[in-house]
Engineer: 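Handing you this structure, nothing more for now.
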Protein chains: 2
Amino acid sequence: MYRDTESRFRHRRREGEIVTALRAATIEDVARRAGVSRAAVSKVIRNAYGVSPAMRERVNAAIEALDYRPRVAARAMRGSSFTIGIELPHIGNPFFTKIVAGATAALTGTEYQLIIAPADVDGEEGVRAIGALADRQVDGIIAISPLVAPEWLERLAARVPVVMLGRHDRSVAYDTVTGDDAEGTRLVMEHLLGLGHRRIVHLTRSEEVTRPGSGNPHAIRLERYLAHMHDAGLDDCIRVVRTGLDEESARLDTRALLDAETPTAIFVGNDELALGTLRALNDHGLSPAEVSVVGYDDVDIASYPAISLTTVNQSGEAMGERAVRLLLERIQGRTEPTHFSVEPTLKVRGSTQPVPPEPAP
Amino acid sequence: MYRDTESRFRHRRREGEIVTALRAATIEDVARRAGVSRAAVSKVIRNAYGVSPAMRERVNAAIEALDYRPRVAARAMRGSSFTIGIELPHIGNPFFTKIVAGATAALTGTEYQLIIAPADVDGEEGVRAIGALADRQVDGIIAISPLVAPEWLERLAARVPVVMLGRHDRSVAYDTVTGDDAEGTRLVMEHLLGLGHRRIVHLTRSEEVTRPGSGNPHAIRLERYLAHMHDAGLDDCIRVVRTGLDEESARLDTRALLDAETPTAIFVGNDELALGTLRALNDHGLSPAEVSVVGYDDVDIASYPAISLTTVNQSGEAMGERAVRLLLERIQGRTEPTHFSVEPTLKVRGSTQPVPPEPAP
DNA sequence: GTTCCTGCATAGATCGATCTACGACACCCG
DNA sequence: CGGGTGTCGTAGATCGATCTATGCAGGAAC
């Protein structure tokens, strides 16, 4: 007999020998031990209606004794997996981990578990990770502004609740949680212009990421940078430099920039990249008095005294927490779309200084 | 009729109204469209034996046309979920994200997806997260030295392949990937002693985390610190300070320490905590020339010029990559336990300086 | 012509939960 | 006593894959 249905021992054949291992208890085992039906056990687990106190107690005792835990896969076959998935484009970015911290906090005390699918590469990877979450039947998906067409998202959102973080389009199919990137960029540009800066470079992600109309935060920041420069009559000073998604690429691309020219200020797409820029300035022996730097996100290290990076704060914890709340509401049955925006504030620190006097030629 | 089995439309009742949504395709739909059996489609998906080229083509066309994707939950019911789970004690720690990066890299090109279960709190949370992964039928679990009894792990490892990161016990049930913490600590202590330091404080995690015999890296580092101090005849100078698991608690606890006394060096349990210590020194107006600091892990920011933290490097990427490899081997059928150790190197930077001359009293 | 392969395809059981529909029983009421 | 109402519990279908066992051709060997 290959499988003994009455005992909890599983016999596996592996390379000729027979391995006997204690099989994990199923709802069937619990039911048998408690002398009730599977359905009864299921009711107890789910706190459903129609269970006498006496039965509840017997079943709970059996669950305890057998160390029973429901298989999520089996539950997912008939409904929910009690899992919320979040896609992270780059796990090394401390701002994203703040979002995760907020999401985790919002889920403690609920029966849901958060799982993270890391993408970690530009482009298609984000879509792959989101797809992997969907394949795993998660009950809700949080995604951080991936490079994907709205139609694709709408189809996804028709099957599972979706919250997009940082995406500025307004779909009826999914909810969004965003920072006000236009306002954040306004704060940055007014600050820099107020300090007398004119030759302000914007260091941002690839053209693909900042494609106009994509609703990506970096696209908005770029667009507003261009608008503010134009409004200030500084069309001639506009300079956009592209880079990758981590600190090291920002360092290299800033170095290349500095080899060619020396602006008075660099507005960088986010703090992680800004750290690379600061390194490059250091490599070139330039101080904030010579070249000011502004980041975006206000990651923890930005306030570190030796770094002291001027940046835009948009509470990542609040965003993660809100995203989870919106998902839970959707799971409860809400159908009207919700779009939540976080108000940014500028944290002025030592990395921005008044523009230095132009050296005599 | 509640459910129309012939069409791909699903009718849901929600608050009285009937919502009609396009149901995601199943293997059944694909089989019907291609005019073959479910089993045939399954074979094509799994690249199994016994499929004619003609059928493969028809099935693939149907899969394409219906945008079919296998439900992982259904697959998990009968075997594997093609998912590797990793438990992270604290997602804010950049060393852990390096491990994830290594693991992700090792999985690209395979059919496995990595998911992360964040724990983010001391104590029982890690066990909860690991349990959540097990409930989700992952095919392998990577866990970062959680506070849990070996017996618990052995029982877990009997059901699913497990790799413990940083845990120094040697079980036959699970594999381990560790840094050589004894050697790392030796490098640190010899460096500090060589610089003339005597009053060396060790800032580490809670007593629970560093419980002797737990095999936790912090426990080893503490134990070796004590041994090296003793061997150097410095029993009187031994001073162990406890803190939490993030930068902020390290900052506060270091402040409290400095309010009471001023050592010449602080050996901190890891880099994240060391950053908090550096902040506290800054708060007290103390420079590396007055108080040296050593961390552990060599996170990216440690090499930042303005921070320049002396620390122990133990490639997190290599650890994550190796952990994944070990899991894949176990999934392939390996049964003999493997224990892999990464050799640490000391990165000497500006945060450690020769001991200052004792000020005249 | 029978037997025996070999390659290709299918039927149907199976995994472990949930959930609907229904049955059994007790109680109350006119 | 028939009939409603409520409570507690069970049988059995169901979700969507995988996988074993089996069947059916068609060709080769004898």
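Values below: every heavy atom of this structure, side chains too, minus hydrogens, waters and symmetry copies.
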Engineer: Do A:Val72 and A:Gln113 have side-chain heavy atoms sitting under 4.5 Å apart?
Structural biologist: no
Engineer: Rounded to the nearest Å, what distance is computed from the NZ atom of residue B:Lys43 to the P atom of nucleotide D:dT22?
Structural biologist: 15 Å
Engineer: Rounded to the nearest angstrom, tell me the gap between atom CZ in B:Arg32 and atom P in D:dG16.
Structural biologist: 11 Å
Engineer: NA contact type, B:Val36, heavy-atom cut-off 4.0 Å: base, sugar-phosphate, or nothing?
Structural biologist: sugar-phosphate
Engineer: To the nearest angstrom, how far is B:Arg71 atom CZ from C:dG16 atom C1'?
Structural biologist: 17 Å
Engineer: Between C:dG16 and A:Thr26, is there an OP1 or OP2 to side-chain N/O distance shorter than 4.0 Å?
Structural biologist: no
Engineer: To the nearest angstrom, how far is A:Arg136 atom CZ from D:dG16 atom C1'?
Structural biologist: 15 Å
Engineer: Between D:dG9 and A:Tyr49, is there an OP1 or OP2 to side-chain N/O distance shorter than 4.0 Å?
Structural biologist: no
Engineer: Using OP1 and OP2 only, check whether a side-chain N or O of B:Ser42 sits under 4.0 Å from D:dT18.
Structural biologist: yes
Engineer: Does B:Arg58 reach the main-chain N or O of B:Ala34 with its side chain, forming a donor-acceptor pair under 3.5 Å?
Structural biologist: yes
Engineer: Between atom CE in B:Met55 and atom C1' in C:dT10, what is the gap in whole Å?
Structural biologist: 10 Å
Engineer: Want to settle it: does A:Arg38 or A:Gly50 sit nearer the 5' end of DNA chain D, counting the closest nucleotide to each?
Structural biologist: A:Gly50
Engineer: How long is the gap from CG on A:Asp175 to CD on A:Glu329, to the nearest 0.5 Å?
Structural biologist: 8.0 Å
Engineer: Judged by each residue's nearest nucleotide on DNA chain C, which is more toward the 5′ side, A:Ile45 or B:Arg56?
Structural biologist: B:Arg56
Engineer: Rounded to whole Å, please give me the gap between CE in B:Met77 and C1' in D:dC19.
Structural biologist: 14 Å
Engineer: Expressed as a whole number of angstroms, how long is the span from A:Arg46:CZ to C:dT20:P?
Structural biologist: 9 Å
Engineer: Can you check whether any acceptor in the base of D:dT14 is under 3.5 Å from a donor in the side chain of A:Arg78, or vice versa?
Structural biologist: yes
Engineer: Between P on D:dA17 and CD1 on B:Ile27, what's the gap in Å once rounded to a whole number?
Structural biologist: 5 Å
Engineer: Test your reading of the model: is there a side-chain donor-acceptor pair from A:Arg322 to the backbone of A:Ala318, 3.5 Å cut-off?
Structural biologist: no
Engineer: Taking only N and O in the side chain of A:Ser52, is any of them less than 4.0 Å away from OP1 or OP2 of D:dG9?
Structural biologist: yes
Engineer: Using 4.0 Å as the upper bound for N to carboxylate O, is an ion pair formed by B:Arg155 and B:Glu151?
Structural biologist: no
Engineer: Of the options C:dG16, C:dC19, C:dT10, whose atoms approach the side-chain atoms of A:Ala39 most closely?
Structural biologist: C:dC19
